[in-house]
Structure formats: structure tokens, C-alpha cells
Asker: 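Just dropping this structure here.
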Amino acid sequence: MARMPHVAAIDQGTTSSRCIVFDADGGIVSVARREHRQRYPQPGWVEHDAAEIWADVRAVVDEAVAGYDIAALGITNQRETTVVWDRVTGEPVHHAIVWQDTRTEPILRTLADRADEIRRITGLPLATYFAGPKVRWLLDHVDGLRDRAERGDVLFGTIDSWLIWNLTGRHVTDVTNASRTLLMDLRTLDWSPDLLDAMGVPRAMLPEIRPSAEVYGTARGGLVDGVPVAGALGDQQAALFGQACFQPGEGKCTYGTGSFLLVNTGATPVVSRHGLLTTVGYQVGSGAPAYALEGAIAVTGALVQWLRDNLGLIGSADEIEALAASVDDNGGCYIVPAFSGLFAPHWRGDARGVIAGLTGYITRAHVARAALEASAWQTREVVDAMNADTDVALRRLRVDGGMTVNDLLMQTLSDVLDLPVVRPRVTETTCLGAAYAAGLAVGFWPDLDALRAHWQADRDWQPLVDKARREREWAQWRKAVSRTLDWV
Ligand SMILES: Nc1ncnc2c1ncn2[C@@H]1O[C@H](COP(=O)(O)OP(=O)(O)O)[C@@H](O)[C@H]1O
Ligand SMILES: O=P(O)(O)OC[C@H](O)CO
């Protein structure tokens with residue numbers, strides 16, 4: 001009997017690498033996952049070993065696809081994380097600098113007088129988050145690297161590019177990932193010569209920018225040998241795509257290590273006046289791109305990990321729900337996890353985390369509750385900014401990601417936002433979005449309408465708290481945020 005074809009996607013995330021195989025209805029048939037090591041060489045610095053990541057990806061792909069006939073392979077990835085490697089040997093010249101890393105603050109200060117122009121071209125504020133300044137740091141700090149880069153002997157890529165190069169030998173990046181570098185012109189969808197000059201990054205080391213859904217090349221080696229590598233999107237854009245947010249005004253928030261709320265704004269970029277990012281949502285083939293506004297929050301699930309790993313308050317992430325539910329409220333305690341400064345809508349690299357409102361009454365349960373609420377309050381900050389920037393008010397929030405198994409968090413979110421929150425049946429929307437892109441590129445799925453038909457709700461939550469309580473606590477949260485500023 002002929003085997004039914006499937007589509008596979010790699011999700012190379014901040015903490016782990018996954019590969020998931022999907023059937024023609026977008027259902028999950030196989031999953032493999034590996035965690036990689038986080039390296040913190042100095043306070044504020046975060047690194048990954050790109051060679052370890054590639055080895056993990058190879059392993060999870062072979063584990064997940066064994067026994068399946070794979071029509072196409074898609075890639076989605078932690079964005080902004082920066083790799084530079086030798087064109088001949090494929091050896092990374094340094095550990096990858098991760099998106100959360102703040103070491104490029106001094107580089108940004110030298111560009112401060114061009115911040116408005118840079119925002120106009122790229123849609124992004126000057127922040128340590130993005131890839132361009134990380135490349136510049138490597139060029140400044142790795143011996144002889146600038147000369148090698150100018151000769152084209154070393155290559156730069158975000159993780160999508162690193163994986164596609166290893167899989168197919170082609171040096172390309174997709175447009176959603178490129179839009180996170182501070183080097184791409186949002187309107188031309190190409191590298192901006194002015195910004196390459198300003199950032200001091202040689203053109204010779206950069207990948208070619210391609211659409212999110214097209215055949216980039218053919219995978220070599222392992223069980224996917226010969227399979228077309230046919231889609232790539234940054235993980236948050238992939239989740240937008242996987243949640244079928246194809247119409248302007250449709251949006252989602254993904255709750256993982258950090259949280260990222262993206263709303264599709266259609267064919268023209270909307271430049272934010274309230275601290276949101278303008279980014280490319282996706283581009284299918286040579287069609288027009290769909291742009292998105294994004295509220296990027298650096299720390300949400302990472303705070304739960306920190307309570308587990310650094311404080312030992314819980315033994316595993318899922319223990320936080322019962323602990324937080326053992327008290328009725330936060331007892332007046334607020335945690336603002338500004339571990340990498342504050343991202344949207346504040347963009348304050350000088351902020352550091354606080355636990356505010358401590359009294360003798362506060363127990364570990366209140367701290368756990370405050371940690372969950374921090375995700376909800378930070379979401380409210382970006383939803384308010386989104387409402388201020390656009391006419392399209394969100395009527396409900398689609399959610400996904402590892403934290404959304406937490407029903408208490410989902411209810412809190414609905415209470416804090418005063419909006420219905422809806423979780424889809426397939427919460428692995430990041431991988432699903434990359435699979436969709438790859439499947440579209442090879443004709444496995446015909447069009448966006450076919451993909452939209454797959455989306456199904458699992459559960460939704462309605463707001464339950466009264467307005468007076470919501471607004472009282474919101475005022476306390478904002479006061480706690482003000483305490484994080486001007487710290488470094
Ligand atoms: N039950 C839970 N409640 C709250 N947070 C959780 C729960 N389970 C996992 N998490 C958090 O979710 C994150 C993992 O989600 P995931 O989507 O896999 O993240 P990423 O893609 O960023 O690696 C971790 O930061 C973890 O602390
Ligand atoms: O790997 P995640 O899910 O933490 O996502 C990271 C984001 O892409 C950073 O911009």
C-alpha cells in the first residue's frame with residue numbers, strides 16, 4: 001500500500017529543538033525534541049553553541065520522520081540569534097549570540113542619533129534584541145573576523161539561515177527573519193546599504209533574502225535526504241501563520257520563554273508610535289508580503305523556569321499552577337521580570353527585574369501567582385499599545401505555546417485583558433506554520449483557505465473579574481514597572 005505523504009517542520013527554539021510531522025489535515029503524527037545548553041558567560045550575556053544546535057536538529061529530524069514519507073520540510077526558529085561561520089569548514093567562529101543578550105548596548109549608543117531614521121527604514125527601535133548589532137560585536141571582538149568577512153570567507157545567518165545552509169548548502173534567509181536584523185529595508189525587502197554602512201557589516205557575509213514559502217534547496221543526508229526544504233519563518237511569524245491569522249486585524253500571542261503578540265496589518269507596514277515593532281508577517285512565493293505589528297515581551301515562561309532553577313520554588317514548570325491557585329490573589333506582590341531590560345512597549349535596556357510589594361504576609365504561593373500574573377500584565381501593556389496604534393481592536397486573543405497548558409494563566413489573561421482568550425486544538429502552531437509554508441511551496445496544500453479550514457478551538461475563557469479590581473491591580477503593576485527603570 002502506498003504511504004500517505006506528510007510534511008515535517010523543525011522548530012529550533014531558545015531552549016530546545018523539535019521536529020514535528022503533520023498529516024494533510026494539520027494533525028500531529030510524530031514529535032521529537034532535545035534541549036540544548038544555555039550559556040551565561042557574564043551577567044546579561046546569553047550564548048548557544050550553534051554546532052550543538054545543528055547536531056540536535058539532525059537528531060530530532062531523523063527521530064521524528066522515521067517511517068514517514070515526507071513531501072517537504074519547513075523551518076521555524078528563535079529569531080535574532082546570530083551565528084557567523086566559516087564558509088569552507090562550516091565551523092562557527094564563536095558561540096551564537098542569543099536574542100536575550102544585552103552586550104551590544106555600547107554599540108547602540110554610537111547609533112543613537114540615527115534612531116528615528118533606522119526605525120523608519122526597519123520598523124524597529126534600536127535595541128540589543130536584534131541581530132545586526134550582534135554581528136557588529138563579533139566583527140569587533142573576534143580576531144581577524146572583519147577581514148575574513150570582507151573577503152566573504154565567513155557567513156552570517158540567523159538560525160534559519162544556519163540550518164538551511166547545513167541542510168542544503170544554500171546561503172539564504174527568509175524575509176521574516178531578515179526583518180529582525182536592523183539591516184533590512186521593510187519596503188524593498190532587501191538589505192539597506194545605508195544601514196550596512198552604519199552598522200559596519202560587510203555585504204559579502206550576508207545571505208540572500210527570500211520569501212517564507214518557496215523551495216530553497218534539497219536536504220542532504222539523514223532520513224530527509226532528497227526532501228525539499230521549502231519554507232522558513234521566524235517562530236513568532238510562524239505561529240501567526242499556523243493560527244491562520246491571514247486577515248488584517250487577526251492576531252495571536254505565543255507564550256514560551258518570552259511572549260510575542262502579533263497582529264496582521266495587511267499589505268502596508270504600520271509604523272508604531274507606541275513601542276511596537278513593525279515586522280514582516282509572511283510572504284508566500286513572490287506574492288505581496290503581509291506585515292504585522294508585534295509586541296515582544298522578553299521574559300514570561302523564563303520567569304517560571306527561574307523560579308524552578310534559580311529559586312527552587314517549584315520542582316517543575318507545571319507545579320506553578322497548583323501553587324498559584326492555592327491563594328486567591330497575589331497578596332499585593334508584583335514581579336516585573338526585566339532580566340534583559342524591558343522590551344515592548346518600553347524598550348528600556350537600563351531596567352532590571354524587581355519583586356515589589358513584599359510584606360511578612362507574602363508566601364511562595366503569592367510569588368508564584370505574581371509570576372503568572374506578570375505574563376498577563378505584560379500582555380496588557382502590548383494590547384493597549386496595539387489599540388493605540390491601529391483602528392482594528394482585537395476582539396479576542398488566540399494563544400499558543402508551552403505556557404498555555406496553564407488554565408489559571410489563561411483565565412488571568414482574560415481577566416486582565418478584559419477579552420475572550422481562545423486556545424486552538426493544535427497548540428504547536430509554530431511548527432504548524434512552518435509546515436504550512438513548506439506544504440504550500442510544494443503544492444501539498446493548495447492555498448490559504450485550505451489551511452484556514454484546519455483551525456479548531458479547544459477551549460476559551462471569558463473575563464470574570466470586576467472592573468474596579470482590574471484597574472486597581474493594573475495601577476499597582478504600572479507602579480512596579482516604574483521601579484525597574486534606571487537600574488543599570
Ligand atoms: N504549566 C506551565 N505553567 C507555566 N509555564 C509553563 C508551564 N509549562 C511550561 N511552562 C513554561 O513554558 C516555557 C516553554 O514553552 P515553549 O513553548 O516550549 O518555549 P520555547 O519555544 O520558548 O522554548 C518554559 O519557559 C516554561 O517555564
Ligand atoms: O524560541 P522562543 O519561542 O523563545 O522565541 C524566541 C523569539 O523568536 C525571539 O524573538
Asker: For T14 and Q100: C-alpha separation, side-chain torsions, deciding distance, then whether side-chain contact (heavy atoms from CB on, under 4.5 Å) applies.
Answerer: CA-CA 9 Å; T14 310; Q100 300 142 319; 3.9 Å; yes
Asker: Do T300 side-chain atoms and A298 backbone N/O form a donor-acceptor pair below 3.5 Å?
Answerer: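 Looks like no, no N/O pair under 3.5 Å.
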Asker: Is E294 paired with R180 through a side-chain N to carboxylate O contact shorter than 4.0 Å?
Answerer: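 Between E294 and R180 there is a salt bridge, with a charged N closer than 4.0 Å to a carboxylate O.
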Asker: Tell me whether R170 is salt-bridged to E208, with the criterion being a basic N under 4.0 Å from an acidic carboxylate O.
Answerer: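 Salt bridge present between R170 and E208.
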Asker: So, is the end of the R103 side chain (NZ or CZ) under 6.0 Å from the ring centre of W137 and within 45° of the ring's axis?
Answerer: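 Judged by the rule (NZ or CZ under 6.0 Å from the ring centre, within 45° of its axis), R103 counts as positioned above W137.
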Asker: R18 and D11: salt bridge (charged side-chain N to carboxylate O under 4.0 Å, His left out), yes or no, with the steps?
Answerer: CA-CA 5 Å; R18 280 184 269 251; D11 176 6; 3.5 Å; yes
Asker: Taking side chain as C-beta onward, heavy atoms only, is Y291 less than 4.5 Å from T279?
Answerer: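 They are not in side-chain contact.
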Asker: For the pair V304 and M403, evaluate side-chain contact (heavy atoms from CB on, under 4.5 Å) and give the outcome as yes or no after the intermediate values.
Answerer: CA-CA 9 Å; V304 177; M403 290 186 93; 3.8 Å; yes
Asker: What I want to check is whether the side chains of T254 and D400 have a donor and an acceptor closer together than 3.5 Å.
Answerer: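 Yes, a side-chain donor-acceptor pair sits under 3.5 Å.
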Asker: Under a 4.0 Å N-O cut-off, is there an ion pair linking R380 with D384?
Answerer: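 Salt bridge between R380 and D384, a charged N being under 4.0 Å from a carboxylate O: yes.
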Asker: Show, in sequence, the C-alpha distance, side-chain angles and deciding distance for R58 and D62, and conclude whether the salt bridge (charged side-chain N to carboxylate O under 4.0 Å, His left out) test is met.
Answerer: CA-CA 6 Å; R58 259 273 176 253; D62 278 359; 5.2 Å; no
Asker: Within a 6.0 Å radius of atom CG on D143, are there more than 12 heavy atoms belonging to other residues, nucleotides or ligands?
Answerer: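 No, because the 6.0 Å sphere around CG of D143 holds 12 heavy atoms or fewer from other groups.
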Asker: Are a donor atom and an acceptor atom from the side chains of D174 and N177 found within less than 3.5 Å of each other?
Answerer: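 Checked: D174/N177 side chains pair up, N/O donor to acceptor below 3.5 Å.
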Asker: Taking C-beta and beyond as the side chain, do I97 and T81 meet within less than 4.5 Å on heavy atoms?
Answerer: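 The answer is no; the side chains never approach within 4.5 Å.
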Asker: Side chains of W477 and Q378 only: does a donor on one sit below 3.5 Å from an acceptor on the other?
Answerer: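 There is no such pair (donor and acceptor under 3.5 Å, judged by atom type) between the side chains of W477 and Q378.
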Asker: Heavy-atom distance under 4.5 Å between the side chains of T278 and L124, does that happen here?
Answerer: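 No, too far: nothing below the 4.5 Å cut-off.
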Asker: Quick one, R120 with E117, criterion salt bridge (charged side-chain N to carboxylate O under 4.0 Å, His left out). Give me CA distance, side-chain angles, the key distance, then yes/no.
Answerer: CA-CA 5 Å; R120 261 198 318 279; E117 173 200 355; 5.9 Å; no
Asker: Can you classify the ring geometry of F241 versus Y282 as parallel (below 30°), tilted (30 to 60°) or perpendicular (above 60°)?
Answerer: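 Correct class here is tilted.
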Asker: From D486 CG over to R352 CZ, what is the distance, rounded to the nearest 0.5 angstrom?
Answerer: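 Here the interatomic distance stands at 12.0 Å.
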Asker: Against V175, only a single residue in R210, M184, Q237 fulfils side-chain contact (heavy atoms from CB on, under 4.5 Å); can you say which?
Answerer: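 Of all the options given, the one that passes is M184.
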Asker: In the structure I gave you, are the side-chain heavy atoms of I28 and F22 within less than 4.5 Å of one another anywhere?
Answerer: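 Yes, side chains in contact.
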Asker: Determine, stepwise, if the pair R308 / W306 fulfils side-chain contact (heavy atoms from CB on, under 4.5 Å).
Answerer: CA-CA 5 Å; R308 182 195 65 189; W306 184 79; over 6 Å; no
Asker: Would you say the side chains of S17 and Q12 form a donor-acceptor pair under 3.5 Å?
Answerer: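 Yes - a donor-acceptor pair under 3.5 Å links their side chains.
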Asker: Does F260 have R79 sitting over its ring (NZ/CZ under 6.0 Å from centre, angle to axis within 45°)?
Answerer: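 Yes; both conditions hold, so R79 lies above the ring face of F260.
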Asker: Apply the side-chain contact (heavy atoms from CB on, under 4.5 Å) test between H95 and each candidate in H48, E52, E47; give the one that qualifies.
Answerer: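 Checked H48, E52, E47 against H95; only one passes side-chain contact (heavy atoms from CB on, under 4.5 Å): E47.
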Asker: Please test V399 against L413 for side-chain contact (heavy atoms from CB on, under 4.5 Å), starting from the C-alpha separation and ending with a verdict.
Answerer: CA-CA 10 Å; V399 295; L413 197 55; 4.0 Å; yes
Asker: Will you find, in the side chains of T158 and D160, an N or O donor that is under 3.5 Å from an N or O acceptor?
Answerer: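 T158 vs D160: donor-acceptor pair found between side chains.
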Asker: W99 and F130: aromatic ring centres closer than 6.0 Å?
Answerer: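 No, they do not, as the ring centres are separated by 6.0 Å or more.
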Asker: Looking just at side-chain N and O atoms, do T104 and T128 make a donor-acceptor pair shorter than 3.5 Å?
Answerer: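 No pair is found: no donor N or O on one side chain lies under 3.5 Å from an acceptor on the other.
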Asker: Go through the side-chain N and O atoms of T379 and Y255 and say whether any donor and acceptor fall under 3.5 Å apart.
Answerer: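 Y255 and T379 do have a side-chain donor-acceptor pair below 3.5 Å.
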Asker: Could you label the plane-to-plane angle of the W85 and W165 rings as parallel, tilted or perpendicular, counting under 30° as parallel and over 60° as perpendicular?
Answerer: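 It falls in the tilted class, 30° to 60°.
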Asker: Let me see the working for E35 and R33 under salt bridge (charged side-chain N to carboxylate O under 4.0 Å, His left out), right down to the final yes or no.
Answerer: CA-CA 7 Å; E35 274 196 30; R33 178 175 181 274; 3.5 Å; yes
Asker: Assess, by modelled atom type and distance only, whether the side chains of D235 and Q78 contain a donor and an acceptor separated by less than 3.5 Å.
Answerer: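 Per modelled atom types, D235 and Q78 side chains form no pair under 3.5 Å.
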